[in-house]
There are 2 protein chains.
Amino acid sequence: MRLSTKSRYAVTAMLDLALNGTQGPVTLADISENQSISLSYLEQLFAALRSKGLVRGVRGPGGGYYLGREADTITVADIICAVDEWVEYTRSSAYRGSKDAQPQTTRALWDDLSEQIFDFLDDITLSSLVVRGAERATASVPETAKTLSLGLRGEAA
Amino acid sequence: MRLSTKSRYAVTAMLDLALNGTQGPVTLADISENQSISLSYLEQLFAALRSKGLVRGVRGPGGGYYLGREADTITVADIICAVDEWVEYTRSSAYRGSKDAQPQTTRALWDDLSEQIFDFLDDITLSSLVVRGAERATASVPETAKTLSLGLRGEAA
DNA sequence: GTAAAAACCAAGTAAATCCGTTGGTTACCT
DNA sequence: AGGTAACCAACGGATTTACTTGGTTTTTAC
């Protein structure tokens with residue numbers, strides 16, 4: 001399991017697609033500007049996302065990216081696995097019998113933890129994140145703010 | 001939030017302390033051998049763990065490390081934070097008004113996700129992992145395996 | 001049918017991080 | 001006194017991160 005800023009870039013970019021992709025594709029240039037990530041780094045991330053079918057690219061002017069599936073079928077685990085691959089103990093070698101048999105035990109316990117984390121993240125979909133965010137925003141908006149909700153899209157600082 | 005092999009080293013080392021620290025301190029040399037991590041890398045990790053009070057060192061011959069608190073009060077989130085610090089969006093700058101107000105939105109959604117993950121990991125203690133592992137080991141051993149349970153310790157490949 | 005917009009692709013790079021090494025010093029037990 | 005082990009600091013190769021440059025293809029618009 002691995003979770004880094006790279007994962008964050010990928011997840012927030014996918015959230016951008018989920019939020020803005022309803023009316024036409026979203027360009028990487030937009031995402032790059034919105035989230036201040038370099039364009040070609042985004043290209044690299046999206047190459048990985050595309051190869052896993054998580055996004056769908058449309059070329060030419062007016063083109064951009066759509067989500068590859070419905071937002072409620074794309075999980076955070078999917079995205080992280082696509083760009084940051086789940087590092088599962090690649091160093092398998094050291095297994096000669098050490099004095100007490102702890103390596104197997106701690107390894108099994110870690111594997112269990114890793115699986116718990118995966119299952120947790122595999123239950124969180126893009127749409128569930130968006131819904132939670134919307135709920136939170138409407139719930140916590142003070143009544144004064146509701147009157148002037150113009151450029152507001154469901155969030156506060 | 002950041003989760004890497006470094007975190008895994010720290011968590012498994014702490015599990016080693018939880019499992020073996022009941023009768024006397026555990027030396028880094030033992031952990032190094034058991035889990036094939038270099039001794040001085042362990043020293044670096046334990047310096048961080050010690051500074052957060054998660055472990056307690058005992059010098060001199062017969063020395064080693066104990067857990068700094070009871071195993072049921074040390075969470076996975078504690079350990080990860082100690083060695084890998086929780087990266088929270090250090091790049092705060094780019095906040096000039098971009099055309100649509102998405103950066104704040106995606107950022108808020110990520111922050112929410114990050115918090116969900118933290119809360120999840122902050123609910124998993126060392127002792128809960130050990131207990132789960134013990135349950136799994138006794139529960140899931142097929143009766144055929146029990147007879148020949150020699151090198152077996154509760155997991156299969 | 002040409003120009004521009006955008007996805008796609010490949011190579012290279014400064015900086016950071018990972019993991020380990022070396023070479024110590026202190027504290028403590030026998 | 002001598003050995004054990006925690007502590008400490010600095011360095012270094014390998015890898016990863018995030019970005020840059022410089023393209024090519026596909027598609028729309030004029």
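Letters A, B, ... mirror the listed sequences (proteins, then strands); counts begin at 1. For the numbers below, each heavy atom of this structure counts, side chains included, while hydrogens, waters and symmetry mates do not.
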Enumerate all atom pairs, one protein N or O and one N or O from nucleotides 14-16 of chain C, separated by less than 3.5 Å.
none

Presence of salt bridge, A:D112 and B:R136, under 4.0 angstrom:
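So B:R136 pairs with A:D112 through a salt bridge.
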Let me confirm one number: the CZ-SG distance from A:R2 to A:C81, rounded to the nearest 0.5 Å.
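The SG atom of A:C81 is 13.0 Å from CZ of A:R2, to the nearest 0.5 Å.
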Atom CG in B:D16, atom OG1 in A:T105: separation rounded to 0.5 Å?
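The distance works out to 9.0 Å.
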I need the [atom1]-[atom2] distance between [X] and [N], as an integer number of Å.
| X | N | atom1 | atom2 | value |
| --- | --- | --- | --- | --- |
| A:R2 | D:dT15 | CZ | P | 13 Å |
| A:I37 | D:dT17 | CD1 | P | 14 Å |
| A:K6 | C:dT17 | NZ | C1' | 14 Å |
| B:L3 | C:dC18 | CG | C1' | 15 Å |
| A:L45 | D:dC19 | CG | C1' | 12 Å |
| B:I31 | D:dA5 | CD1 | P | 13 Å |
| B:Y41 | D:dC7 | OH | P | 18 Å |
| B:D84 | C:dT17 | CG | C1' | 10 Å |

Given D:dT17, is OP1 or OP2 found less than 4.0 Å from the side-chain N or O atoms of A:R8?
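Looking at the OP1 and OP2 atoms of D:dT17, neither is under 4.0 Å from any side-chain N or O of A:R8.
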Reading 5' to 3' through nucleotides 3-9 of chain C, protein heavy-atom contacts under 4.0 Å coded B for base, S for sugar-phosphate only, - for none:
-BBSBBB
Once the angle between the rings of A:Y41 and A:Y9 is folded into 0 to 90°, is it parallel (under 30°), tilted (30 to 60°) or perpendicular (over 60°)?
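Perpendicular, since the angle between the ring planes exceeds 60°.
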I need the full list of ring-ring contact (aromatic ring centres under 6.0 Å, His included) pairs touching residues 10-34 of chain B, with sequence neighbours left out, sorted by first then second residue.
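For residues 10-34 of chain B: none.
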Verify whether one side chain among [X] and [Y] offers a donor that lies under 3.5 Å from an acceptor in the other.
| X | Y | answer |
| --- | --- | --- |
| A:D84 | A:S7 | yes |
| B:D78 | B:T75 | yes |
| A:N34 | A:D30 | no |

Partner of B:L126 under side chain to side chain contact (heavy atoms under 4.5 Å, CB included), chosen from B:I79, B:D72, B:V76
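Between B:L126 and the candidates, side chain to side chain contact (heavy atoms under 4.5 Å, CB included) is satisfied uniquely by B:I79.
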